[in-house]
**Q** 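To start, I am sharing the structure in question, which I have written as structure tokens.
We number each residue from 1, following the sequence as shown.
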Amino acid sequence: MDGKVIHRCLHVLDLEKSLAFYQEALGMTIIRQMGPEDGSWSNTFIGNDTTGFQLELTWNRGRTEPYNNGDRDTHLACTVPDFEAAHALHEQMGCICHENPAMGLYFIEDPDGCWIEILPEAPRFAAQAGIDMLAAMRRRRSVRRYTQEPIPDELLDHILEAGLLAPSGRGQRPWELVVVRERETLEALAASRDHGSDMLREANAAVVVLADAARSDTWIEDCTLVMAHMHLEASASGVASCWIQIRNRTAANSQPSRDYVLQTLDAPRNLEVEAILSLGMPEKNAQVRSLDEALRAKVHRETF
């Protein structure tokens, strides 16, 4: 069972004071916040770009006594790739000490009485910095079926940022990105291919990669890199994705896919369309891919 430590919980008396301290002292800023509508408590997760590890600052309204941040409430949290298998293992070990089915998590206790929170690998728990890129590549799959859960805005922003950070020939960056979340437009884009684009009907979002070919003779390579960056960042963030090729393809109405997409998006007709990245929350976590010897045999050293 491979568990990944993702955060440590600390209890704070003055949340604003603590946030100001961690930002000034360690450059840690807010990643996400959660809590009830009545504002009686809140969990604020903070971190920075040097590591995926986060601090969870828990604040409770009305508390005036200092906390003992060495007790079991200041637990470590771990994600596991197979939540049900982990639960079965820990149940067999007899180490489960507290369960919270409503939040989809539970705690185990080590031999010295320390509590460890066990969480499923899910986007809402994903660390957004210091990601192991090779691990993301091993988990990357072309996923065509999604749940109805919306993609959190911060995860979509990270996927877009990954695309915008892609390298480009001579720094020309000839590409343009169109983000689509409206159901009507996603339905229309599902007909952008005569086959192979139906997953957009279930997708929560899509990113269309277009380019001004007149700006660069490497626009195809540049757009491909943008797509690859977003594809991998989606995998790293726990978001399912599928690459839908548009260039040199035909739409369901027999129109060139390029023309159909430009028309659907009301985009300038001088642009080219490379591909569409379909995005949604996965029905299940992808299994880790292992590199078999047949693939390793494709690596040649010095000469072919």
**Q** In chain order, what residues pass the side chain to side chain contact (heavy atoms under 4.5 Å, CB included) check against A214, with sequence neighbours excluded?
**A** D212
**Q** Any chance the side chains of H98 and E109 put a donor and an acceptor closer than 3.5 Å?
**A** no
**Q** Look at R258 together with E272 and state whether they make a salt bridge at an N to O cut-off of under 4.0 Å.
**A** yes
**Q** Say you draw a straight line from CG of L189 to CD of E182; how long is it, rounded to the nearest 0.5 Å?
**A** 12.0 Å
**Q** What are the two closest non-hydrogen atoms of G169 and S216, and how far apart are they?
**A** O-OG, 4.5 Å
**Q** Quick one: does I118's side chain get under 4.5 Å of V80's, heavy atoms only?
**A** yes
**Q** If you round to the nearest 0.5 Å, how far is NE2 of H11 from CG of L15?
**A** 13.0 Å
**Q** Can the ring centres of F53 and H7 be said to be less than 6.0 Å apart?
**A** no
**Q** Between the main-chain N or O of V143 and the side-chain N or O of R145, is there a donor-acceptor pair closer than 3.5 Å?
**A** no
**Q** Are V179 and M230 co-members of a hydrophobic cluster defined by side-chain heavy atoms under 4.5 Å apart?
**A** yes
**Q** Take M227 and L277, measure what side-chain contact (heavy atoms from CB on, under 4.5 Å) needs, and give me the verdict at the end.
**A** CA-CA 7 Å; M227 284 289 294; L277 189 67; 3.9 Å; yes
**Q** Please report the closest heavy-atom contact between S192 and V261, naming both atoms and the distance.
**A** CB-CG2, 3.8 Å
**Q** Between R141 (side chain) and S235 (backbone), is there a donor-acceptor pair under 3.5 Å?
**A** no
**Q** So which atom in Q33 and which in I30 form the shortest heavy-atom distance, rounded to 0.1 Å?
**A** CG-CG2, 3.9 Å
**Q** T147 side chain to E149 main-chain N or O, any donor-acceptor pair under 3.5 Å?
**A** yes
**Q** Please round to the nearest 0.5 Å and tell me the distance separating atom OG1 of T79 and atom CG of L105.
**A** 12.5 Å
**Q** Would you check if the side chain of R193 reaches a backbone N or O of Q245 as a donor-acceptor pair within less than 3.5 Å?
**A** yes
**Q** Would you say Y260's side chain and S254's backbone share a donor-acceptor pair under 3.5 angstrom?
**A** no
**Q** In this structure, are over 12 heavy atoms from other groups packed under 6.0 Å from R63 atom CZ?
**A** yes
**Q** Taking atom types as modelled, is there a side-chain donor on D194 or T250 under 3.5 Å from an acceptor on the other?
**A** no
**Q** Would you mind reporting whether L262 and L210 have side-chain heavy atoms less than 4.5 Å apart?
**A** yes
**Q** Restricting to non-hydrogen atoms, name the atom on C97 and the atom on W115 that form the minimum distance, rounded to 0.1 Å.
**A** SG-CE2, 3.6 Å
**Q** In Å and rounded to the nearest 0.5 Å, what is the NE2 to CG distance from H158 to L156?
**A** 11.0 Å
**Q** Please report the closest heavy-atom contact between L186 and A203, naming both atoms and the distance.
**A** CD1-O, 3.4 Å
**Q** Report yes if some heavy atom in the side chain of M281 is under 4.5 Å from a heavy atom in the side chain of I151; otherwise report no.
**A** yes
**Q** Go through it in stages, so that I can follow the logic: the residues are L57 and Y22, the test is side-chain contact (heavy atoms from CB on, under 4.5 Å), and I'd like the CA-CA distance, side-chain angles, deciding distance and then a yes or no.
**A** CA-CA 11 Å; L57 305 182; Y22 280 105; 4.2 Å; yes
**Q** Going only through I, L, V, M, F, W and Y residues with side-chain contacts under 4.5 Å, is there a path from V207 to I220?
**A** no
**Q** Hydrophobic clustering (ILVMFWY, side-chain heavy atoms < 4.5 Å, transitive) - are L225 and V178 grouped together?
**A** no
**Q** Answer yes if W219 and L164 sit in the same cluster of Ile, Leu, Val, Met, Phe, Trp and Tyr residues linked by side chain heavy atoms under 4.5 Å apart, and no otherwise.
**A** no
**Q** Check for me, please, whether L291 and M137 land in the same ILVMFWY cluster - side-chain distances under 4.5 Å, paths through other members count.
**A** no
**Q** Measuring only between side-chain heavy atoms, which start at C-beta, is T224 closer than 4.5 Å to E274?
**A** yes
**Q** Salt bridge between D153 and R181, side-chain N to carboxylate O under 4.0 Å?
**A** yes
**Q** What I'd like to find out is whether the side chain of L19 reaches to under 4.5 Å of the side chain of T44, using heavy atoms alone.
**A** yes
**Q** Does a side chain donor of either Q23 or T29 reach within less than 3.5 Å of an acceptor in the other side chain?
**A** no
**Q** Rounded to the nearest 0.5 Å, what separation is found between the NE2 atom of H229 and the CG atom of L160?
**A** 14.0 Å
**Q** Would you please say whether a donor-acceptor pair under 3.5 Å links the side chains of Y146 and S278?
**A** yes
**Q** Within the structure provided, determine whether H87 and I96 are in side-chain contact (heavy-atom separation under 4.5 Å).
**A** yes
**Q** Is the number of heavy atoms from other residues, nucleotides or ligands within 6.0 Å of CD (E176) greater than 12?
**A** no
**Q** Do I159 and V239 pass the side-chain contact (heavy atoms from CB on, under 4.5 Å) test, and can you show the C-alpha distance, the side-chain angles, and the key distance before you say yes or no?
**A** CA-CA 9 Å; I159 292 168; V239 177; 4.2 Å; yes
**Q** In sequence, state the C-alpha distance, the side-chain angles, and the governing distance for L271 and R269, and then conclude on side-chain contact (heavy atoms from CB on, under 4.5 Å).
**A** CA-CA 5 Å; L271 296 181; R269 297 304 191 266; over 6 Å; no
**Q** Evaluate the side-chain proximity of W243 to V209: yes if any heavy-atom separation is below 4.5 Å, no if none is.
**A** no
**Q** Can you find a side-chain donor-acceptor pair between S241 and H231 that sits under 3.5 Å?
**A** yes
**Q** Which heavy atom in R32 sits nearest to a heavy atom in M34, and how many Å separate them?
**A** NH1-SD, 4.3 Å
**Q** Going by heavy atoms in the side chains, are L265 and T185 under 4.5 Å from each other?
**A** yes
**Q** What's the separation between atom CD in E202 and atom CD in E187, rounded to the nearest 0.5 Å?
**A** 10.0 Å
